[in-house]
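Scroll down for the structure; my scribbles are underneath it.
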Amino acid sequence: MSTALRDTLRASEQRLGASGAIKSALRYVFPDHWSFLLGEIALYSFLVLVGSGIFLTLYYVPSDSQVIYHGPYGLLVGEQMSEAYRSVLDLTFKVPAGLLLRQVHHWAADVFVASIVLHLTRVFFTGAYRKPRDINWWIGLTMLMLAILEGFAGYSLGDDLLSGMGLAIAYSVALSIPFVGAQLGYLVWGRQFPGSSDFLARLEIVHVLIIPVTLAVLITLHLAIIMRQHHSQFPGPGRRERNVVGTPMWPAYALRSIGLLFAVAAVLFLLGGLIQVNPVWQWGPYHTYLSENGAQPDWYIGWLIGALRLMPNWEPTIAGHTLFPNPFWGGAAFPLLVFAVMFAWPSIERRVTGDHRRHDLLDRPRERPLRTAVGATFLSWVVIVFAVGSTDRIFVRLHISYPAQIHFWRVGVWVLPLVIGALTYRAARALGRSGGLHPLRDWNGELLERRGDGGFELLARVPPPPTTPSGRAAPPPQPPLGTAPETEDSEL
């Protein structure tokens, strides 16, 4: 080490005293399992979103002032459009790498939301939301809600026909909220749809500042809580409730994580360069007198579109006054119910099971068949509603009657999840009775050899591995490895 570097480190330590914290961070142990990478993919997608978003912000003009287009895209020359839409077209066709960065940003948003959903799914089915990690479960759900809102706000800024129709639907849902709908619509849009002249400017501030900063704070808090509590881990050799077995931060895990960062960024840039997404020049500018058939939003809004389509024409009234306009049920009540159940689930499970202990070892889904079945039922219910959002495209492509599809799924959306839940429960119970064996990697039985006379000779018998009373495979005796978090009471 050079003298200058040694003197710099010594001076820094004398003033900040950070060597202990740095050494502790470098020795932090990460468990080795591929599913933990889902959270890192979300983090690195967010970084790509921030970087590409800064570039796009430099060229976007948040104005609804009407202009006549005279740009390089010939099919729209002479068309009346807003300055916002023209700036997106100029960014796409005039700015070097503008189209690439637009599509990278869009793909990164899709991957960001998808990785959060998959990460939360893994957390649920392994019981990683139990004490003391229920706070991080709530933080993750809040990030998912904000990520969906952020994505919707982002593609609404373009002021193209697709985004304008999405905002019109959102305006209708806002007005349908009982008692406060009109005030909420005025607060967000500034006046009757399509809103005041500064609506796009305020929406841009929400998209590029308020929500990203909130997400960054939540991500930092999420990671800080993980570092304080230490990671949960799957059962295995040497792994106990009070230790972590895996790879230390430096150098192994840090280099692996940096490699994942570059891999995620590379995949997103490949997607942005090779696969077209949201070609706004094809949609054309938005005007209130225009609409489009077969319009599909980004995938993370599809479940709301499906709910709006499934809801029957039911609007309860009292004394001639409508209490709940129809868009409220699919556009507001359904997502609020979904997130309310997910936020309440840790408390519901504690109340039902009476389990208030701290858990650092994860469950395999087969070990908790009831939780697994409930999760499969709930997830399939939401996925079916999401799939119903594409019924119009199914009609166009497969010529299946649209009304017939809606009538079928109004029943199927309740029946099919129950069937899936029952089958999942039986499968989990059957796997749980297998003695802890992995259905793909573990095997027990007898090895036979056929003799020349046609008979068989027993060569060996492979017994099933020893198990614990809970059905888990008993780990072989060996000293535990890793770091142990501080001891704390196991009861609430």
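Both backbone and side-chain heavy atoms feed into the values below; hydrogens, waters and symmetry mates do not.
- In this pair, Y286 and F193 present their aromatic rings perpendicular. The plane angle is above 60°, beyond the 30 to 60° band.
- Residues L161 and P285 fail the side-chain proximity criterion, which asks for heavy atoms closer than 4.5 Å.
- The main-chain N or O of P365 is found under 3.5 Å from a side-chain atom of T372 such that the two form a donor-acceptor pair.
- Of all the heavy atoms in I116 and A42, the pair that sits closest is CG1-CB, 4.0 Å.
- You'll find the side chain of L91 stays beyond 4.5 Å of the side chain of Y60, heavy atoms only.
- Here CG of L362 is found 10.0 Å from CD of E367. Values are rounded to the nearest 0.5 Å.
- Here the two rings, on W250 and Y28, have centers that are 6.0 Å apart or farther.
- At a cut-off of 3.5 Å, with distance as the only test, a side-chain donor of H359 or D355 sits close to an acceptor on the other residue.
- Heavy atoms only, all atoms of each residue included: L200 and A84 are closest at CD1-CB, 3.8 Å.
- Salt bridge status for E241 with R358: absent, with no side-chain N to carboxylate O gap under 4.0 Å.
- A salt bridge links R256 with D32: at least one charged nitrogen is closer than 4.0 Å to a carboxylate oxygen.
- In this structure the side chain of H119 never reaches within 4.5 angstrom of the side chain of L37, judged on heavy atoms.
- Checking N278 against W283 by side-chain atom types alone, a donor-acceptor pair falls below 3.5 Å.
- Between D298 and H106, the side chains place a donor N or O and an acceptor N or O closer than 3.5 Å (distance only, hydrogens not considered).
- Using a 4.5 Å heavy-atom threshold, the side chains of S257 and F30 count as separate.
- Scanning all heavy atoms of the two residues, the minimum distance from G421 to A373 falls at O-CB, 3.4 Å.
- F55 places a side-chain heavy atom less than 4.5 Å from the side chain of V95.
- L416 is listed as a side-chain neighbour of I384, based on a closest heavy-atom distance under 4.5 Å.
- Ring-plane geometry between F199 and W189 is classed as parallel, the angle between the planes falling under 30 degrees on a 0 to 90 degree scale with a further cut at 60.
- In this structure, E150 and V206 approach most closely via the heavy-atom pair OE1-O, 3.9 Å.
- The CZ atom of R393 sits 10.5 Å away from the CZ atom of F395 when rounded to the nearest 0.5 Å.
- Judged by distance alone, with hydrogens and angles left aside, the side-chain atoms of Q103 form a donor-acceptor pair with the main-chain N or O of V277 at under 3.5 Å.
- Q66 contributes a side-chain N or O that, together with a main-chain N or O of D64, makes up a donor-acceptor pair within less than 3.5 Å.
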Determine, step by step, whether V245 and V29 satisfy the side-chain contact (heavy atoms from CB on, under 4.5 Å) criterion, reporting the C-alpha distance in whole Å, the side-chain angles of both residues, the deciding distance to 0.1 Å, and the verdict.
CA-CA 7 Å; V245 178; V29 175; 6.0 Å; no
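- Counting only distance, with no hydrogens or angles, the side chain of S176 and the backbone of F328 share a donor-acceptor pair below 3.5 Å.
- The aromatic rings of Y129 and W137 lie tilted to each other, with the angle between the two planes from 30° to 60°.
- No side-chain donor from either of D360 and S232 sits under 3.5 Å from a side-chain acceptor of the other.
- Under 3.5 Å, the side chains of D363 and T126 contain no donor-acceptor pair of N or O atoms.
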Verify side-chain contact (heavy atoms from CB on, under 4.5 Å) between V208 and L56, making sure each step is shown before the conclusion.
CA-CA 10 Å; V208 305; L56 299 180; over 6 Å; no
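- For the pair R102 and Y59, the cation-pi criterion (under 6.0 Å, within 45° of the ring axis) is not fulfilled.
- Note on ring orientation: taking the six-membered ring where Trp is involved, the planes of F339 and F343 are tilted (angle from 30° to 60°).
- Separating the CD1 atom in I210 from the CG atom in L203 is a distance of 10.0 Å, to the nearest 0.5 Å.
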List the steps, then state whether side-chain contact (heavy atoms from CB on, under 4.5 Å) holds for V338 with W381.
CA-CA 10 Å; V338 169; W381 179 56; 4.1 Å; yes
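- Counting heavy-atom neighbours within 6.0 Å of Q192 CD, excluding the residue itself, gives a total of 12 or less.
- If you run side chain to side chain contact (heavy atoms under 4.5 Å, CB included) between D159 and each of S82, S87, P194, P62, only S82 comes through.
- Residues F386 and L304 have side chains not in contact (no heavy-atom distance under 4.5 Å, counting atoms from C-beta outward).
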Could you give me the CA-CA distance, side-chain angles and deciding distance for F125 and R371, then say whether side-chain contact (heavy atoms from CB on, under 4.5 Å) is met?
CA-CA 7 Å; F125 283 105; R371 177 206 297 154; 5.9 Å; no
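- Nearest approach of S172 to P327, heavy atoms of both residues: O-CB, 4.2 Å.
- Of the residues listed (L221, V123, I226), the one engaging N136 in a side chain to side chain contact (heavy atoms under 4.5 Å, CB included) is I226, and it is the only one.
- Taking 4.5 Å as the limit, every side-chain heavy atom of I41 sits out of range of all side-chain heavy atoms of F112.
- Using modelled atom types, no side-chain atom of D198 and backbone atom of A201 make a donor-acceptor pair closer than 3.5 Å.
- Nearest heavy-atom pair, L49 versus S52, reported as atom, atom and distance to 0.1 Å: O-OG, 3.3 Å.
- H33 and F36 have perpendicular rings, their planes meeting at more than 60° on a 0 to 90° scale where under 30° would count as parallel.
- To the nearest 0.5 Å, atoms CG (L361) and CG (N243) are separated by 8.0 Å.
- Of the inter-residue distances, the one linking R228 atom CZ with H230 atom NE2 reads 7.5 Å to the nearest 0.5 angstrom.
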Let me see the working for W329 and F334 under ring pair (Phe, Tyr, Trp, His ring centres under 6.0 Å), right down to the final yes or no.
CA-CA 6 Å; W329 303 108; F334 172 67; over 10 Å; no
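- Rounding to the nearest 0.5 angstrom, the gap separating the CG atom in L268 from the CH2 atom in W107 is 10.0 Å.
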